[in-house]
> 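Below you'll find the structure I mean.
These numbers come from the heavy atoms of this one structure, side chains and all, not from hydrogens, waters or symmetry mates. Heads up: numbering here begins at 1 and tracks the sequence.
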Amino acid sequence: MKCNILFIGNNKYTKQAGQEKYHHFLIGILKNNFACNIHEYHHNLHPLTPDAYKPYNDVKEFKSNFFIMHKIPKIMPTRLVTKNLKYSMKYFKNHIDLKKYDLIIDSTQGTFKYIDKWKNKYNSKRLWIQHQSSSFFNYSFLLGKFGKLIYKIFSVFGIKTHAFYAENGVFFTNEDADDFYKKFHCKCKRFIATPSFDIIKSWKNNIASRQDIVYVGRIEQIQKNIKFLIKLSKYLNCNIHVYGIGPQHHLVESNPYKIIYHKGLSASDVKTIYQKYKYTILVSKFEGYAFVLSESLSNGVPIIVRDTFVSAKYIADNGNNGFLLLKKYNAKKCAKLINEIIENDTKYLDRCKNCISFQSKIDFKKSWIKIFNHFLQNH
């Protein structure tokens with residue numbers, strides 16, 4: 001007998017973004033290893049994001065058809081996203097019958113209104129997936145040092161997040177799980193599924209000819225901290241090549257300082273683009289796991305990452321896979337360290353080999369098959 005599984009996300013699983021890529025992988029794992037009917041509901045928060053993956057023929061799609069956006073698409077205001085989400089949740093309530101599903105895979109971060117209902121009726125079969133660091137959930141990424149205080153005030157009035165109510169949570173690493181448990185007093189059952197990508201067989205081919213640094217990702221400020229990246233390039237002795245699209249692409253289109261903008265990438269280009277460059281850089285204000293770093297390691301390309309999220313230390317592997325830039329360092333100090341790294345990189349080949357070794361030990365597919373077996377063995 002086939003089990004029924006519902007995926008809930010912010011955008012369709014075919015879109016070019018981290019959460020959507022995660023869903024696409026999971027649906028593939030389910031289809032190839034389990035007898036199941038798969039339905040997908042997405043809030044349709046960012047319908048202008050381009051597709052990167054082909055849809056599966058037998059996955060039934062539900063979505064909200066309501067969407068508003070500024071006429072000048074440089075910034076997607078939070079209030080508009082909130083309005084879209086509010087409408088989408090009303091649609092969700094009226095059109096999705098949760099009781100008919102054996103497993104609900106929930107990747108959303110802000111569905112506040114309906115969590116109490118889920119807690120009472122459907123939470124035991126809901127599997128919440130971590131996609132952001134804990135700072136996303138206590139608003140400190142937006143509100144700085146006052147974020148936690150404001151979050152506590154919100155909590156007094158019952159405004160909480162999925163992390164509080166989830167009975168089952170899938171985290172990137174044990175360190176991420178510990179962080180959530182400590183900050184939010186989570187009592188959910190923990191599962192660990194660390195993202196990984198297939199090793200690119202040609203990773204050795206271009207090591208000697210690699211130059212400069214590459215950034216792959218959205219061009220925006222709130223999370224990806226694109227202004228810090230631009231300021232950083234001012235003090236570097238090498239170029240930063242930027243691949244991506246986003247609401248603030250205008251900041252890099254004029255090629256300020258040592259930024260070279262290449263615009264967006266197709267899913268197939270991503271597999272080979274890293275190998276042109278010596279390091280992949282990420283300076284985000286917060287992240288979950290950052291798939292871009294995992295992709296880089298799978299190409300044998302070391303990373304440079306700011307220590308702004310829990311799994312950053314795990315991915316950098318104590319310097320074996322690359323380098324951590326402390327959160328307190330300004331752009332000028334970070335650039336000085338990067339210049340020293342690149343100009344005196346006597347252990348670069350060893351780091352490239354460590355990247356491959358590190359990724360080879362992670363089996364994302366195996367982790368999820370084990371999780372699915374736990375939930376679906378009785379169906």
Side-chain angles (χ1 to χ4, degrees), residues 1-9 13 18-41 53 56 58-59 98 101-109 118 122-134 162-163 165-182 184 186-199 287-291 293-295 297-298 309-311 313-315 317 321 355-379:
M1 181 178 178
K2 286 188 174 183
C3 58
N4 296 315
I5 300 175
L6 175 66
F7 278 78
I8 305 173
Y13 68 95
Q19 182 191 112
E20 291 68 38
K21 183 183 295 185
Y22 199 115
H23 270 197
H24 193 272
F25 286 168
L26 288 192
I27 291 172
I29 292 171
L30 280 168
K31 283 173 55 62
N32 293 328
N33 295 277
F34 298 90
C36 56
N37 299 311
I38 301 174
H39 296 171
E40 189 243 15
Y41 180 87
Y53 306 99
Y56 294 107
D58 51 353
V59 174
L98 292 178
Y101 293 102
D102 302 301
L103 178 61
I104 301 166
I105 299 174
D106 173 21
S107 287
T108 59
Q109 294 110 355
W118 283 19
Y122 310 114
N123 212 25
S124 62
K125 61 182 180 180
R126 183 169 67 95
L127 191 58
W128 176 81
I129 302 177
Q130 177 199 359
H131 284 286
Q132 296 292 355
S133 61
S134 60
H162 275 147
Y165 292 108
E167 288 186 19
N168 309 287
V170 182
F171 299 90
F172 291 125
T173 64
N174 275 309
E175 290 81 2
D176 282 291
D178 290 341
D179 184 54
F180 270 83
Y181 277 51
K182 180 180 178 181
F184 300 129
C186 295
K187 296 180 180 179
C188 63
K189 183 171 183 178
R190 75 164 69 182
F191 300 89
I192 305 298
T194 303
S196 65
F197 295 87
D198 293 336
I199 302 299
E287 286 285 351
Y289 188 80
F291 280 17
L293 299 181
S294 187
E295 286 175 331
L297 298 183
S298 296
F309 56 104
V310 173
S311 56
K313 291 185 178 70
Y314 175 87
I315 302 171
D317 193 28
N321 298 332
C355 293
I356 299 299
S357 176
F358 180 86
Q359 283 294 94
S360 299
K361 296 173 184 176
I362 302 171
D363 196 330
F364 182 67
K365 178 180 176 181
K366 185 177 179 180
S367 297
W368 267 105
I369 288 177
K370 184 177 179 180
I371 293 169
F372 286 138
N373 275 326
H374 176 84
F375 281 90
L376 303 178
Q377 59 187 350
N378 296 321
H379 297 282

> Apply side-chain contact (heavy atoms from CB on, under 4.5 Å) to residues F372 and L103 and explain how you reach the verdict.
CA-CA 9 Å; F372 286 138; L103 178 61; 4.0 Å; yes
> Is any side-chain heavy atom of Q130 less than 4.5 Å from a side-chain heavy atom of D176?
yes
> Do L297 and I356 touch side chain to side chain, with heavy atoms closer than 4.5 Å?
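Contact flag for L297/I356 side chains = no.
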> Any sub-3.5 Å donor-acceptor pair from D102's side-chain atoms to C3's backbone N or O?
no
> Do the side chains of D178 and R190 get close enough for a salt bridge, i.e. N-O under 4.0 angstrom?
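Between R190 and D178 there is a salt bridge, with a charged N closer than 4.0 Å to a carboxylate O.
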> Going through the distances and angles, do Q19 and Q132 end up as a side-chain contact (heavy atoms from CB on, under 4.5 Å)?
CA-CA 10 Å; Q19 182 191 112; Q132 296 292 355; over 6 Å; no
> Carefully, step by step, assess E287 and S133 under the rule side-chain hydrogen bond (donor to acceptor under 3.5 Å, both in side chains).
CA-CA 6 Å; E287 286 285 351; S133 61; over 6 Å; no
> Are any of the side-chain heavy atoms of R126 and N168 separated by less than 4.5 Å?
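No, their side chains stay 4.5 Å or more apart.
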> What I'd like to find out is whether the side chain of E295 reaches to under 4.5 Å of the side chain of K21, using heavy atoms alone.
yes
> Mind checking the OH-CD1 spacing from Y41 to I8? Nearest 0.5 Å is all I need.
9.0 Å
> In Å and rounded to the nearest 0.5 Å, what is the OG to CG distance from S107 to L26?
7.0 Å
> Do F172 and I129 come close enough that some side-chain heavy atom pair is under 4.5 Å?
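F172 does not reach I129 side chain to side chain.
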> Search all heavy atoms of K365 against all heavy atoms of I29 and return the closest pair with its distance.
CA-CD1, 3.8 Å
> Report yes if the distance between the aromatic ring centroids of Y13 and F25 is under 6.0 Å, otherwise no.
no
> Could you check whether E175 and S311, counting side-chain N and O atoms only, form a donor-acceptor pair closer than 3.5 Å?
no
> Could you grab the distance from atom CG of L127 to atom CG of L6, nearest 0.5 Å is fine?
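Rounded to the nearest 0.5 Å, the CG-CG separation comes to 12.0 Å.
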> Y314 versus F309: any side-chain heavy-atom pair under 4.5 Å?
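No, too far: nothing below the 4.5 Å cut-off.
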> Distance check, rounded to the nearest 0.5 Å: H131 atom NE2 versus E20 atom CD?
8.5 Å
> Only one of F7, F364, Y289 forms a ring-ring contact (aromatic ring centres under 6.0 Å, His included) with Y22, so which one is it?
F364
> Do F375 and F191 have ring centroids that are under 6.0 Å from one another?
yes
> A side-chain contact here means heavy atoms from C-beta on lying under 4.5 Å apart; do S360 and I199 qualify?
yes
> Could you check whether atom CG of D198 has more than 12 heavy atoms from other residues, nucleotides or ligands sitting under 6.0 Å from it?
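Counting neighbours around CG of D198, 12 or fewer heavy atoms of other residues, nucleotides or ligands fall under 6.0 Å, so no.
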> Would you check if V59 and I27 make a side-chain contact, meaning some heavy-atom pair closer than 4.5 Å?
yes
> What distance do E40 atom CD and H24 atom NE2 have between them, rounded to the nearest 0.5 Å?
10.5 Å
> Is it the case that the side chain of S298 and the backbone of F197 share a donor-acceptor pair, with hydrogens and angles ignored and the cut-off at 3.5 Å?
yes
> Between atom CG of L30 and atom CG of N37, what is the distance when rounded to the nearest 0.5 Å?
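So the CG of L30 and the CG of N37 are separated by 11.5 Å.
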> Measure from the side-chain N and O atoms of Q359 to the backbone N and O of S294, and report whether any donor-acceptor pair falls under 3.5 Å.
yes
> Of all the heavy-atom pairs spanning I192 and I371, show the shortest one and how long it is.
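Between these two residues, the closest heavy atoms are O-CD1, 4.3 Å.
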> With distance as the sole test, does K125 use its side chain to make a donor-acceptor pair with the main-chain N or O of I104 at under 3.5 Å?
no
